[in-house]
Amino acid sequence: MDSKNTKKGVVPKKSGFVKKFLYAMDYLLHLELETAWSKLRDQNAKLDIVTKSMKEGVILFDKRIEVIFINHAAKKMLRLSEDAGLETVKNRIAEVFKGVDIDKCFGGASVTTPFIIPEIDAGNDIYQLVFSKVDECDGDKCKAFGSIWLEDITESKNLERQKSEFVSVVAHQLRTPLSGLKWTLHMLINGDFGEMANDQKVFVMKSYENNERMISLVNDMLAADRIESGRVKFEQLKINLRDLVENVLFEVMPNAERRKVQVRFDNLSTDNFTVVVDATKIRAVIQNLLENSIKYTMEGGVVAIRIEKLNGEFLVIIKDSGIGIPEKQKPQIFSRFFRASNAIKVETSGTGLGLYMVKKIIEMHKGRVWFESEENKGTTFYFTLPAYKETKTI
Ligand code: ADP
């Protein structure tokens with residue numbers, strides 16, 4: 001070995017085998033360390049670029065819920081200077097996001113499900129905070145215990161608000177002329193302005209039906225807007241869910257018969273499912289789900305509704321043998337104005353607002369709603385409502 005070309009200096013001329021061996025080992029170790037350092041520096045530099053260029057804020061915590069890392073964006077959101085120490089971050093979070101208890105929020109998160117604060121005001125801005133826990137640490141290898149992901153949603157919330165205001169103004173403006181038109185068409189059909197020829201009557205009737213559809217769309221838009229903005233009042237009433245279902249069935253039956261769809265109610269008339277709900281709103285939910293099932297089921301098909309008792313709640317199941325929901329479109333089904341491609345083909349009328357409202361109303365009653373569906377086989381919608389608990393007095 002030519003010692004002059006080595007990094008670690010000169011090998012003594014008369015070194016023995018062991019010394020040469022140790023020297024070689026030292027040299028190799030040094031080389032390996034140097035490569036590892038260089039890789040680490042490289043990775044660090046990349047991580048630095050990523051965290052600095054991110055517009056979302058990230059804060060990492062250790063097991064004692066102490067801050068071990070904060071990126072550039074999070075510092076900006078918390079109005080901290082670039083050289084602020086990590087020990088100042090927790091206090092700053094409490095100051096900016098008033099009422100947020102970091103320990104409690106991490107307590108509500110698990111490795112698989114984060115704890116989310118969907119909307120929180122911080123001065124003039126609106127943020128979303130996501131508290132996530134990281135996977136189990138392998139000894140001391142992984143120091144992070146959890147993270148907070150901060151996202152500035154001011155712009156999207158303002159846009160949403162503007163959109164909602166726009167919808168509300170348009171819907172209100174449309175309501176009056178549409179009602180006026182309804183009565184004029186009604187009078188024409190009634191012959192109040194003289195008898196019309198049969199073919200004239202057919203056209204006027206068509207206009208009347210289209211006008212009715214517009215009115216129902218405008219009403220749905222206004223109802224959705226009221227729910228969205230939280231301007232909706234709830235009138236709680238103690239009722240038997242079975243009575244409500246029977247009541248709705250009575251109303252939708254003529255339409256089902258016209259479409260040659262069989263509708264079945266699978267509960268006994270003595271069954272009692274007491275709930276405390278806003279009866280008008282829950283009635284609208286059942287009506288919407290039943291009308292959809294009838295609407296999206298072909299001639300000769302079957303729709304069945306049943307209520308089951310679960311632990312502390314009731315489960316309502318509405319099953320049909322209809323067109324089903326395409327797999328790819330399932331995630332959008334509860335979104336505002338969404339209609340699946342196969343539904344548009346078989347039924348042109350529809351607003352895509354019904355299921356959106358169903359979900360909102362059920363969640364406001366502390367229930368859940370979901371569905372199972374296979375295209376061309378059928379769909380089953382499920383929703384739950386808390387059962388009424390009798391409080392015994394002695
Ligand atoms: P609309 O029925 O007015 O279109 P909804 O909000 O009630 O609006 O429903 C949204 C969409 O969900 C429908 O357009 C349809 O694509 C789908 N859908 C709802 N219920 C069913 C059902 N029972 N079978 C098949 N598709 C359904």
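A quick note: this is a predicted structure, and the numbers were derived from the prediction, not measured. In this chain, numbering begins with 1 at the start of the sequence shown. Computation of the quantities below employed the complete heavy-atom set of this structure, encompassing side-chain atoms and omitting hydrogens, waters and symmetry-equivalent molecules. Ligands are counted one by one from 1 in listed order, and the atoms in each one are counted from 1 as well.
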**Asked** If you look at every heavy atom in Asp266 and Ala304, which pair is closest and at what distance?
**Response** OD2-CB, 3.9 Å
**Salt bridge Glu209-Arg213, side-chain N to carboxylate O under 4.0 Å** = no
**Request:** Keeping to residues at least two apart or across chains, list the side chain to side chain donor-acceptor pair (under 3.5 Å) pairs with something in residues 173-200.
**Result:** Lys182-Glu212
**Message:** Can you see whether Glu235 engages Thr280 through a side-chain donor-acceptor pair at a distance of less than 3.5 angstrom?
**Reply:** no
**Request:** Decide whether Arg41 and Asn44 meet the rule of one side-chain donor and one side-chain acceptor closer than 3.5 Å.
**Result:** no
**Asked** What's the verdict on salt bridge (Lys or Arg N to Asp or Glu O under 4.0 Å) for Glu165 and Arg161, showing C-alpha distance, side-chain angles and the deciding distance?
**Response** CA-CA 6 Å; Glu165 275 166 26; Arg161 241 169 250 164; over 6 Å; no
Between ligand 1 and the protein, which N/O pairs are shorter than 3.5 Å?
unit_1	atom_1	unit_2	atom_2	d
ligand 1	2 (O)	Asn292	OD1	3.1
ligand 1	2 (O)	Lys295	NZ	3.1
ligand 1	2 (O)	Tyr296	OH	2.8
ligand 1	3 (O)	Thr351	N	2.9
ligand 1	3 (O)	Gly352	N	3.3
ligand 1	4 (O)	Tyr296	OH	3.2
ligand 1	4 (O)	Arg339	NE	2.6
ligand 1	6 (O)	Gly354	N	3.0
ligand 1	6 (O)	Leu355	N	2.7
ligand 1	7 (O)	Asn288	OD1	3.4
ligand 1	7 (O)	Asn292	OD1	3.4
ligand 1	7 (O)	Asn292	ND2	2.8
ligand 1	8 (O)	Gly352	N	3.2
ligand 1	14 (O)	Tyr296	OH	3.4
ligand 1	14 (O)	Arg339	NE	3.4
ligand 1	16 (O)	Ala340	N	2.9
ligand 1	23 (N)	Asp320	OD2	2.9
ligand 1	24 (N)	Thr379	OG1	3.4

